[in-house]
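The model shown is predicted, which means the values in this text are computed figures rather than measured ones. Both backbone and side-chain heavy atoms feed into the values below; hydrogens, waters and symmetry mates do not.
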Amino acid sequence: MAGQEAATAAEFVELALGTPVELWLGVPGESEGERAARLDAARDIIGEDPHLFDRVTRIAATLIETRTPHLFDLATSGRRVKGWEPGPGAEAA
């Protein structure tokens with residue numbers, strides 16, 4: 001993929017992963033058969049590339065840190081995420 005340039009965020013992710021994003025997220029209106037085939041292909045790719053999970057995790061963390069850095073800003077007491085409140089019925093930590 002040397003020499004390729006991403007014009008959109010989706011293209012950046014595709015270049016970083018080496019696979020189309022749709023392989024992992026699916027496409028609207030796909031049939032059960034298409035979904036099964038897509039998931040089989042995804043399993044094969046994961047089996048052949050043991051470092052894929054790490055790359056995806058790094059991409060996701062970088063995007064979160066860049067776009068929503070407050071999610072990584074943990075309060076020192078209780079290690080809670082700033083701005084996050086438990087939903088109704090959730091026990092406070």
Side-chain angles (χ1 to χ4, degrees):
M1 290 188 208
Q4 294 182 352
E5 188 174 318
T8 66
E11 288 177 4
F12 170 78
V13 172
E14 185 171 332
L15 285 172
L17 294 176
T19 63
V21 175
E22 294 81 11
L23 176 66
W24 309 103
L25 301 179
V27 292
E30 72 182 359
S31 69
E32 285 300 315
E34 291 168 327
R35 181 176 189 271
R38 178 177 57 78
L39 293 177
D40 284 342
R43 278 188 209 80
D44 289 343
I45 289 170
I46 289 171
E48 293 172 6
D49 186 353
H51 301 291
L52 181 62
F53 179 79
D54 292 336
R55 286 200 321 270
V56 171
T57 302
R58 276 194 297 278
I59 291 167
T62 299
L63 287 172
I64 291 168
E65 187 175 35
T66 302
R67 306 274 180 168
T68 53
H70 64 280
L71 294 177
F72 280 127
D73 188 10
L74 302 177
T76 55
S77 63
R79 308 275 302 161
R80 292 179 48 130
V81 176
K82 240 184 182 176
W84 179 83
E85 294 295 325
E91 295 181 34

d(Thr57 OG1, His51 NE2) to nearest 0.5 Å is 13.0 Å
Could you grab the distance from atom CD1 of Ile45 to atom CG of Leu23, nearest 0.5 Å is fine? 4.5 Å
If you compare all heavy atoms of Glu34 against all heavy atoms of Glu30, which two are closest, and at what distance to 0.1 Å? OE1-CA, 3.1 Å
Checking Arg55 against Asp49 for the side-chain contact (heavy atoms from CB on, under 4.5 Å) test, could you report, in this order, the C-alpha distance in whole Å, the side-chain angles of both residues, the deciding distance, and whether it holds? CA-CA 10 Å; Arg55 286 200 321 270; Asp49 186 353; 3.1 Å; yes
Hey, does Thr19 have a side-chain heavy atom less than 4.5 Å from the side chain of Trp24? yes
Student check: side-chain heavy atoms of Ile46 and Arg43 closer than 4.5 Å: no
